[in-house]
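Report on one structure; see the data block that follows.
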Amino acid sequence: MRRLFLIALIFMMAAGGISAQETDTTLTRHTHPIPLKQRLLEGLPKTTDDVMEKVQDGMLIRAGRKATPAEAQKAGDKRQGKYLFHLSPDSSHAGPIATSIRTETAGPATHITFSLTPDSTDTFPSELGIAFLLVKRIDRVQWIGNGPRPAHPGGCRYGLWALQQGDHYFEGNRCGVDAALFTDADGDGVLLFCDNGNVSFEQTDRGIVVTYNATGDFYLYSVNGRHVPQLIHDLFDHPRTIAPPYRPSGTQQDSHLMRYSDIVE
């Protein structure tokens with residue numbers, strides 16, 4: 001049965017039906033009796049590495065998203081031209097958003113708790129969350145959650161998924177995410193974990209922008225590619241096994257890169 005599934009999956013990928021690589025077809029949220037967030041908090045070793053050394057810019061507030069060509073031409077569209085905002089010196093607001101953010105150490109990880117409130121009714125925040133720009137060498141992601149495509153009804157199922165930057169379907173919100181591992185080819189990078197979260201990936205000329213959408217909390221953990229914890233080895237595949245980016249020709253889907261300077265304020 002598994003062989004038949006893999007054969008069907010190959011044909012679907014060849015036809016452009018699936019881009020993301022699924023590496024575990026049997027995984028469910030209840031595969032293990034202990035929730036994944038608890039397993040990571042209890043099972044990851046403490047590290048002296050600073051996770052923010054792998055972040056170029058952030059934390060930022062996302063209040064919008066890249067407009068599609070149709071949206072950009074729509075008269076009266078109230079989306080922000082720039083939708084990533086730096087925090088004010090007192091961290092009380094960022095752009096059109098009032099903010100409350102707390103960062104603290106929780107076991108081996110950095111715990112970020114936040115709430116965001118638009119302070120104007122004249123702005124349409126089509127996405128709202130905490131964002132950060134990763135260092136440019138980080139170019140691939142594996143996530144445990146819904147996939148393969150960005151969140152939409154009927155288009156997702158729970159599993160372990162993987163994509164490289166440059167893939168036609170890289171961008172978008174993935175829902176039901178419990179953990180996302182962003183690394184370079186050697187496994188050096190950042191682990192984000194949460195509980196049934198909504199996490200988006202966006203490509204820019206300076207690197208990948210990661211956003212945890214909505215209000216709540218998440219954890220960040222620095223992963224050293226030379227000393228990857230056993231629990232991460234158990235949960236994810238080696239980054240070098242991720243399939244090359246899928247780049248179909250003649251497509252109509254919007255997949256253009258944004259200049260980072262054009263979207264951040």
Side-chain angles (χ1 to χ4, degrees), residues 24 27 29-62 87 91 99-116 129-135 137-147 158 160-162 173-184 186-202 207-239:
D24 190 338
L27 188 65
R29 181 164 278 111
H30 306 292
T31 298
H32 197 281
I34 301 175
L36 182 55
K37 181 173 72 174
Q38 181 180 344
R39 291 172 63 197
L40 290 166
L41 285 172
E42 295 176 353
L44 289 174
K46 291 185 178 181
T47 175
T48 57
D49 294 348
D50 183 358
V51 70
M52 297 308 293
E53 291 182 355
K54 296 167 184 177
V55 173
Q56 289 190 64
D57 197 14
M59 297 292 168
L60 306 164
I61 302 302
R62 174 184 287 273
L87 290 166
S91 299
T99 64
S100 174
I101 301 175
R102 184 176 66 186
T103 301
E104 60 187 352
T105 300
T110 298
H111 185 206
I112 299 170
T113 305
F114 67 99
S115 63
L116 308 174
I130 296 282
F132 49 93
L133 173 68
L134 294 169
V135 294
R137 73 176 185 276
I138 294 177
D139 63 354
R140 58 202 68 199
V141 58
Q142 300 179 65
W143 73 97
I144 298 173
N146 291 343
Y158 194 84
L160 172 61
W161 304 93
N173 289 299
R174 268 65 182 194
C175 61
V177 174
D178 290 327
L181 179 64
F182 302 88
T183 69
D184 59 17
D186 295 322
D188 196 70
V190 174
L191 174 67
L192 181 155
F193 58 100
C194 52
D195 184 15
N196 196 20
N198 188 330
V199 181
S200 76
F201 326 138
E202 180 175 0
I208 298 170
V209 175
V210 180
T211 304
Y212 184 89
N213 282 306
T215 292
D217 71 302
F218 62 94
Y219 299 81
L220 295 177
Y221 180 82
S222 179
V223 181
N224 186 325
R226 292 170 296 178
H227 307 286
V228 178
Q230 185 60 48
L231 182 54
I232 291 180
H233 272 304
D234 294 342
L235 292 170
F236 299 96
D237 292 325
H238 194 284

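- Within the model, atoms CG of L41 and NZ of K37 stand 7.0 Å from one another, a figure rounded to the nearest 0.5 Å.
- Between the side chain of D217 and the backbone N or O of T113, no donor-acceptor pair lies under 3.5 Å.
- Residues Q142 and A162 approach most closely at CG-CB, 3.9 Å, considering heavy atoms.
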**OP:** Apply side chain to side chain contact (heavy atoms under 4.5 Å, CB included) to T211 and S200, showing your working.
**Re:** CA-CA 5 Å; T211 304; S200 76; 3.3 Å; yes

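- Counting only distance, with no hydrogens or angles, the side chain of Q56 and the backbone of L134 share a donor-acceptor pair below 3.5 Å.
- Annotation: side chain of E53 is not in contact with side chain of S222 (no heavy-atom distance under 4.5 Å).
- When side chains are defined from C-beta on, V199 does not count as touching W143, because their heavy atoms never get closer than 4.5 Å.
- Annotation: the span from L192 atom CG to F218 atom CZ amounts to 6.0 Å, rounded to 0.5 Å.
- For R62 against A131, the heavy-atom pair with the smallest separation is CB-CB, 4.4 Å.
- Considering CG of L116 and OG of S100, their distance stands at 9.0 Å, rounded to 0.5 Å.
- Proximity of M52 to F132: side-chain heavy atoms (C-beta onward) are nowhere separated by under 4.5 Å.
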**OP:** Let me see the working for W161 and N146 under side chain to side chain contact (heavy atoms under 4.5 Å, CB included), right down to the final yes or no.
**Re:** CA-CA 8 Å; W161 304 93; N146 291 343; 5.9 Å; no

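- Annotation: side chain of D178 is not in contact with side chain of L40 (no heavy-atom distance under 4.5 Å).
- In this structure, the side chains of I112 and Y212 stay at 4.5 Å or more apart for every pair of heavy atoms.
- Just one of L231, V223, L235 meets the side chain to side chain contact (heavy atoms under 4.5 Å, CB included) condition when paired with L191; it is V223.
- Partner of L87 under the side chain to side chain contact (heavy atoms under 4.5 Å, CB included) criterion, chosen from T99, L60, I130: T99.
- With hydrogens and angles ignored, the 3.5 Å screen pairs a side-chain donor or acceptor of R140 with a backbone N or O of P239.
- Between the CG atom of L44 and the CZ atom of F193 there is a distance of 6.0 Å, given to the nearest 0.5 Å.
- Crowding of R137 atom CZ: a count of heavy atoms from other residues, nucleotides or ligands under 6.0 Å exceeding 12.
- The shortest non-hydrogen separation linking A106 to H111 is CB-CB, 3.7 Å.
- Side-chain atoms of Y221 come within 3.5 Å of backbone N or O of P45 as a donor-acceptor pair.
- Counting heavy atoms from C-beta on, the side chains of L133 and V55 never come closer than 4.5 Å.
- Looking at F114 and I61, their side chains never come closer than 4.5 Å, going by heavy atoms from C-beta outward.
- Checking side-chain atoms of D184 against main-chain N and O of D186 turns up a donor-acceptor pair under 3.5 Å.
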